[in-house]
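Got a structure for you, questions after.
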Amino acid sequence: MSTATEPVRILPQSPANSGSDSGEGQLLEVSMGPQHPSTHGVFRMDVVLDGERVVRLKPVFGYLHRNHEKIAEHETYLGSMPYTDRLDYICSLTNNWAYALAVEKLAGIQVPERAEYIRIITAEMTRFLNHAALIGFLTQDMGASGTPLMYAFRERETILDLFESLTGARMMCNYMRFGGCRVDLPAGWLDQAKKFAATLPRFLEEFERLLATNEILMARTQGVGVLSKEFAVNAGVTGPVLRASGVNYDVRKVDKYGIYDRFAFKVPLGEHGDTYDRYMIRLLEMRESLKILNQALRDIPEGPIVDPKTKIRGFKPKPGEAYGRIEAPKGELGFYLISDGTANPYRYRVRSSCMMNLTVLEDLCIGHNVADVVVILGSIDIVMGEVDR
Amino acid sequence: MTMSPIQQADQFFVTSQHRFVSYLPAEFQSLTSAILSVIAIVLVFALLFAITTVLERKGLGRIQNRYGPNRVGPAGFFQPLADGVKSLTKEDLVPRTADQMVHFLAPVLLVTAAFLAYAVLPVGRNMVLVNLNAGILYFFAVGSLVELAVFMAGWSSRNKYSLLGGMRAIAQMISYEVPLVLASVVVIMAAGSLSTVSIVDMQASYTGIWPHWFVFTPWGFAGFILFMIAATAESNRSPFDLPEGESEIIAGYYIEYSGFKFALFFLGEYLGMFATSGLAITLFLGGWAAPFSFLTWIPSYLWFFAKLLLLIVIFIWIRGTLPRLRMDQLMSFAWQFMLPMTLFNLFVAGVWHFMPSGIVRWLVCIALLVAPAILLSRSLKQGKKFAVRHYRFAE
Amino acid sequence: MTVTFLILAALTLAGTVAAMAMRNLIHCVLALTLGFAGLAALYLLLGAQFVGFTQILVYVGAVAILAVFVIMMTQSAIPAMQSIFSSFWVAGSVVAAAVFAVLAWAICRSGFASQVLPPVEAAVHPIGDALMHGYVLPLEIMGLLLTAAMIGAVVLAMHEKRRTP
Amino acid sequence: MFGEGILKGLAETARNFLGSYVSKKRLTTVQYPEQRLPQIEAYRNFPFLVYDGDDWQQGLRCVSCFICEKECPPKCIIIEKSTDKKPDAVGKLQFYPKVFNIDVSVCMSCQICVEVCPFDAIKMDTDFELSSTDRFSGLLWDKKHLAKSNEHYHKIHPTEAAAVDAQLAAERAKIAAKTKATAEAKPATPTPPANANGAGPNAANQPVPTATEK
Amino acid sequence: MTPENIKSEVEASIPGCQLEIVSNPSPSGQHSLRIDPAHAVAIATFLRDAEPLRLDYCSNVTGVDWPGKEISEKVKVKKLVDGVEQEVEEIRKTQTIGHLEVVYHLFSMEKKHGPVILRMRTEDRAERVHLPSLTPVWRSAEFQEREIFDLYGVIFDGHPDLRRILMWDGFEDHPMRRDYVEPDDFEYEPTAHDEVLERARQHRTVMGPL
Amino acid sequence: MDENLKSELRKQGIVATTLQELYNWGRKNSLWPLNFGLACCAIEMIAASMARYDMARFGAEVFRPSPRQADLMIVAGTVTKKMAPQVVRLYNQMAEPKYVISMGACAISGGPFKQGYNVLKGIDRYIPVDVYIPGCPPRPEALIDALMALQKIIDKQSLTGADRPRHLQADAPSEFVVPEFGAHDLEPSQNPEVWQPPLVNISLGGTDDAGKH
Amino acid sequence: MTNVPYLPVVVLLLAAVAFAVGPLALAWVWAWKFSPRKPGPSKNAIYECGLESKGDAWVQFHPGYYLYAIIFLVFDVEAVFLLPFAVAFTGLPLGAGIAMLVFLLLLVEGLVWAWQKKVLVWS
Amino acid sequence: MSPLTGYLLLSALIFSVGLAGALTRRSAILVLIGIELMLNAANLNFIAFWRYGPNPQALTGIMFAIFSIGIAAAEAAVGLGIILAAYRHSKTTELDQMNSMKG
């Protein structure tokens, strides 16, 4: 890593809709989104095209700015928990965990062991379903008529059934509590989960056969949207996108939050940092998640699921602040809380991995084809709920 | 003239038409016969369109572990009817700044051009609307009108996405038209005729039980594959459906069309697909001829439609599986692989003709085809090594 | 002089006149394709099937597309505000009218007999035979010409592209 | 390598296509209105108010303590307290809600009201076929709409309801013991039987439906 | 790396800069450093590049609004009351100047440590809200600083593209400030509650007969 | 279709009746949704079209990305003030007949986020909504249920007469005011043509002292 | 005259046009009778992902398309010469085949030139 | 009037229309199209003379027409290429403006 890692910024000189001097065709200013089949929600890209090549791209968001942070300042600490579900609405359980972790740091709460295991089981299932859905959406963006997405959602429904019988909701689980989890595993849940985990390798193989060596997919993704190591670090990119660029940084390994140090798993790293790497890293991470899941399902002890000292009502942490972060499926998800000693946080801040990963979007897209833009965006994996909050 | 029952079944439509026409005064006979045939063509292929849309939706559903439409009418087969009624009664929107006249003409031209191609398709023994001397040329000439229609749609909407889609569509269609034509030239070389009827007739004989289809020669097989690839691209089917690439340019050139005009685009596209598939069948798969000599008792038109359905199923299957190519890959594939390959195939067909028959001819021709295919596909990937990668893991 | 001929002639003329007189260049090209198609139909009427379809394939399928592309690439699709005719349009029309007058005069004067012909069809096979026997040299020259035209046109079109990478 | 991956993918989709005719795993569709998935016991959608016995007004467990109203994150509960009291589930004299509205067009099914309720009066229902053509009359539920019997609760969440019943029975027993003790200590003032007492004030105070009922 | 170490190291390498350790009483124990805006970029560059630290990864950038508070304290004042000097208890109100604060959470991907927390303050909440942008040091600050500009109104000097990010361009307020008042778009909401109820009462005329 | 309506229609003549039945049948069985999701509910909307729930069975899987070709707008998720003009414009650009399903708490009323400064308190402030689905997010089954409810509504609509649906009436508007971004709020903040505050008696109005805080 | 073989084609042309225009006319009648068309400024504006369209779509396009069109045109014409050759091929001597090969090679040479000039690379 | 005269007159008319267009239109593209029309008029003549000529079996007219079409296509490609190149230079396809912006 060189010392002079100045941020890279490529800004084209010629303004839009005026003929460039070379007569090479006028630049066409197109806005992709907010209603667009492949912007993953209400995201907009103001794209300037030269032919079909992108010369400028401005991400515009805020179309889903739901004022989560402001609302949280008026809510109790517990009252914000269901709102975190709605941040990255594909993986609500990891959001729950990140928030619970931050509050636990703020108030110094210990989590019982069984709850930690449950957290890890649900988090890895979430990671699995997020990555599967992402690959589905990515191939959808490549024009694959939804078949991989359907297969991913087929597995997702099974995971959601598990979530539903554990937490009572399919998506908005609102499950974690400060110092543990809300309810214990229902009878038979573990067996069901084990049975499900046993079917996953087959699904992964099917998924890989369907796509991983597909020539069209390789042609569409290899060498597209290359993100260099240095730039990725400087731009604060996290999660699979960062690791696809070859940076070994996984908060599960670095912070060893929860009880991740007890599990044997590896962090797959990419070489090229292109879209194919981002795609493959996710496939490989799904395998690693499966490993963790199997270990956790095997080792989970009996015991309480919540710290008996925690109160549901009247929770008022001492003044102070805390920043807690986890490795969410999309990257580092952090919560920064400032308490002034009252029942409501004074400042509640979500460090959104999706939004930070978007920082590099323009740099990745410039010079590529329009068709690549949606693929690159898809490989960055954003969820507008978390980008805009 | 006496016919066996098998022949009667085969020629049922032809003879009944003749019989009907013969009751009319002589000056109306040719006109009436033409009208009857045309009505049959229009109705049959429109019906096939309707059935195909349901089949496609249901087939994709099955590929994706679900049922697909199954509630409207028996097993969902009235779904296209409902869609049709809906489209017919839907408001027709034309953007204010659009070119109204061209906007209206585009779908009409598209459907017209697609229908016109059926004039030379022999759908059964003696069942062709008109046996033109230059039938294949007619087919391609009419097919080239589609490009114009697509451009008219994309341009007249005055929408950025539609224009982008329209330009993409033309670039793609013109790029694949040349391979399409050249791939069929090998058959013409062998058959010595541009007439579709005589091309099928040439294939409708058997050695033992095996048919003389052109697909069963090295150049015919290569030609068939190349033709089908080009046909997929010509009819904008996945993985070459860039002009309407939903994920990139929303709906492509027909983005601003609503109501029945939009349905006409769908119709035109499917008709084009049937027509090129029909031509592929005519050229390579023996047209209406039965695949084995002992199956000739099945009426010829059934064979034609069976082959057509088979090709449609393959189209649907491919659509359910593959992601879309990118524009530049599509273009370089057309010019750097398809075109040279079709030219090579021409050469091979020539060699085949001038060599004495035997196993040597087969080997030489196969070698002459495989070698350039490997070379070209390698040069296509030059600079960009697409490969299955291996990843390192950090502890 | 059959009705078919008259209809086709009217269609062709309407197409060509519209192509020369319309304001929007895209409309011009579309009208032109109509004219080309009419001409193709006339060829068919004359029994030149091969030429007729070639006319459609080349003119409607390729030349019109080429023209449309150039219009799109030179931003001429939006009708100009000023007159579409050049300043010396009067002179031009007069010349054209004069040419027509001379030609018509010559045609009418030559007074071809109204003969009844046996139906003749220029089948493709004889064309092929002729092409490969009597017209081999023109064919090769044609190939040369096409190659030269392609290279020339490509050089012209991509001229600047190489200068600005 | 050219074409191999494509063929693999085609084989995979073909397998799924053919499999959909033979295997349940490859045809996962549940044809919803006719077929339904087995109800998952933990599923929650919107809250309802539990009542014991047959009379919903009588047996409503809610004592209008305002805790759920205060804790509800999106603030979709409106409670108005009665002026008189009636005995609650465990037999204590308590206030009851004169108005208890939940705006399900705001509710986010987070279950926090259930968690914070000390009286086991509010629970989560599982009904989801709630589409309505009117936002105001269809989706603002009043007390009458919300009240559902304990049997219903047992039907949808059997395990949970049994636990709640056991806990309530224990409390009831404790209170009964206490009452007995006080009654023994002060036999002069007998506590009226729990059930008879509720009827009086309740009948006098018929709650006014606030919104047009569904 | 304790905050004290960092403070001394930074002060040693960048002359004239002032760092202040802000201690965090909560169990998390994440203490922070308050840096002066004038040297912020230099300090940030040092933190990013200096060998033992190598804080190459700026994870989180946050704004916090600290509005001016009215502090009332009871003071005994000697006063002439009815001509007699008496010691009277008086409530004296002092208005503190509010400020906006920006917090940076830094980590090192290379050395895998962190967080190091930097804080910067504006001088007040109205006019002097300029702070130097750290986007040239860490690109990851780009969107977050834009967000702080959007929601808090801190103006980052040196930011390459300081526009509103979450709200639309014509929007004038800074909604995350604690004194932000929402536009009154109330007509009727079925859940009349707290302040909504209050507004319902104010809008009684609009609502028609209650 | 209920019997009253049918007998009413018989009076109008059998042609009109069959025409109307055909029209309604066609419309209800070919509800193509606009490919458009806003937030969390969109995932459940996607899930509803996926294998487990398969909205395709009703012929409603043809998600059209262009509003010109769509019949049904499923407003799935929070409509923010920044997004509202776009939603209204998309609705305007749909061809008649068009229907709106407001899916989930946020789309109906702002839901849990209604206290937010950037959240629109219900999409029905700007465009007419046919069916509301409460829930956060509603299950995919609930969406299918709403789709069937919409089909029932369509089935009951008459082709002629004063009670014919809005899109058949010449004077009923087909597009609505697109709100503009103001300095503090959207302008206008609601469209009175579509949305009037309903006159519902809040019993709280008079009982200020009833144990409120 | 030899127009008789084209009569079915003409009938097909008319039928095809009728097939396209007929439903459109029917739709028009429906709209006129029952469902009034309601154009509006926002409704009939250009669709652009829900935003107001900025700038005109009719802009100057990239000349990359033109290069393909030229090559296409040339090969189209080549196909026109190839077809009669192909029809007559079976009866032709080897010399004619070689002549055609020369003709094709001339064009292929142009193609190779274009290939090497990277004309065939889509920008 | 004999059929041949009809074809010849039509051809003359098309030729004149093309000539008129080429001479009067300002747009270079249309000028080129006018020239194409003139070529087409000539083709019509070839075909008509072939059909009504003394020896229709000789195919000379047909061969001429085919080669003419090929040449016209080549001409169109080069011509339009020139227009494109000129447009780069002077930013217009109007002929008189191209003149006035020489250099």
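What you see is a predicted model; the values in this text were computed from it and never measured. Below, chain A is the first sequence line, B the second, and so on; all start at residue 1.
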Problem set entry | Close contacts, residues 95-116 of chain G versus chain C, judged by heavy atoms under 4.5 Å |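 The residues closer than 4.5 Å to chain C, in numerical order, are G/A96, G/A99, G/M100, G/V102, G/F103, G/L106, G/L107, G/G110, G/L111, G/W113.
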Problem set entry | Pick from C/M142, C/M150, C/H133 with the largest number of heavy-atom pairs that fall under 4.5 Å of chain G |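 Highest number of pairs under 4.5 Å: C/M150.
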Problem set entry | Interface residue of largest heavy-atom contact number with chain C, from G/V74, G/V10, G/I71, G/L83, under 4.5 Å |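 Option with the top pair count is G/V74.
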Exercise. Shortest non-hydrogen contact from C/G128 to G/A88?
Worked result: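 Looking at all heavy atoms of both residues, the shortest contact is C-CB, 3.8 Å.
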Exercise. Taking non-hydrogen atoms and a cut-off under 4.5 angstrom, which of residues 32-43 of chain G neighbour chain C?
Worked result: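 Listed by number: none.
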Problem set entry | Any residue of residues 55-65 of chain C which, by heavy atoms, sits under 4.5 Å from chain G |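 At a heavy-atom separation under 4.5 Å, chain G is reached by C/L57, C/V58, C/G61, C/A62, C/V63.
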Problem set entry | Steps toward side chain to side chain contact (heavy atoms under 4.5 Å, CB included) verdict (G/V80, C/F50) | CA-CA 9 Å; G/V80 165; C/F50 185 80; 4.2 Å; yes
Problem set entry | For G/Y66, all residues meeting side chain to side chain donor-acceptor pair (under 3.5 Å), sequence neighbours excluded |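 Side chain to side chain donor-acceptor pair (under 3.5 Å) check on G/Y66 returns nothing, list empty.
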Exercise. If you tally heavy-atom pairs under 4.5 Å against chain G, which of C/I141, C/V136, C/L139, C/T54 wins?
Worked result: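 Looking at each option in turn, the highest pair count goes to C/L139.
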Exercise. Say you draw a straight line from CG of C/L131 to CZ of G/F81; how long is it, rounded to the nearest 0.5 Å?
Worked result: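 The distance works out to 6.5 Å.
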Problem set entry | Contact leader toward chain C among G/I70, G/L92, G/V77, where contacts are heavy-atom pairs under 4.5 Å |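 Sorted descending by pairs with chain C, the first entry is G/I70.
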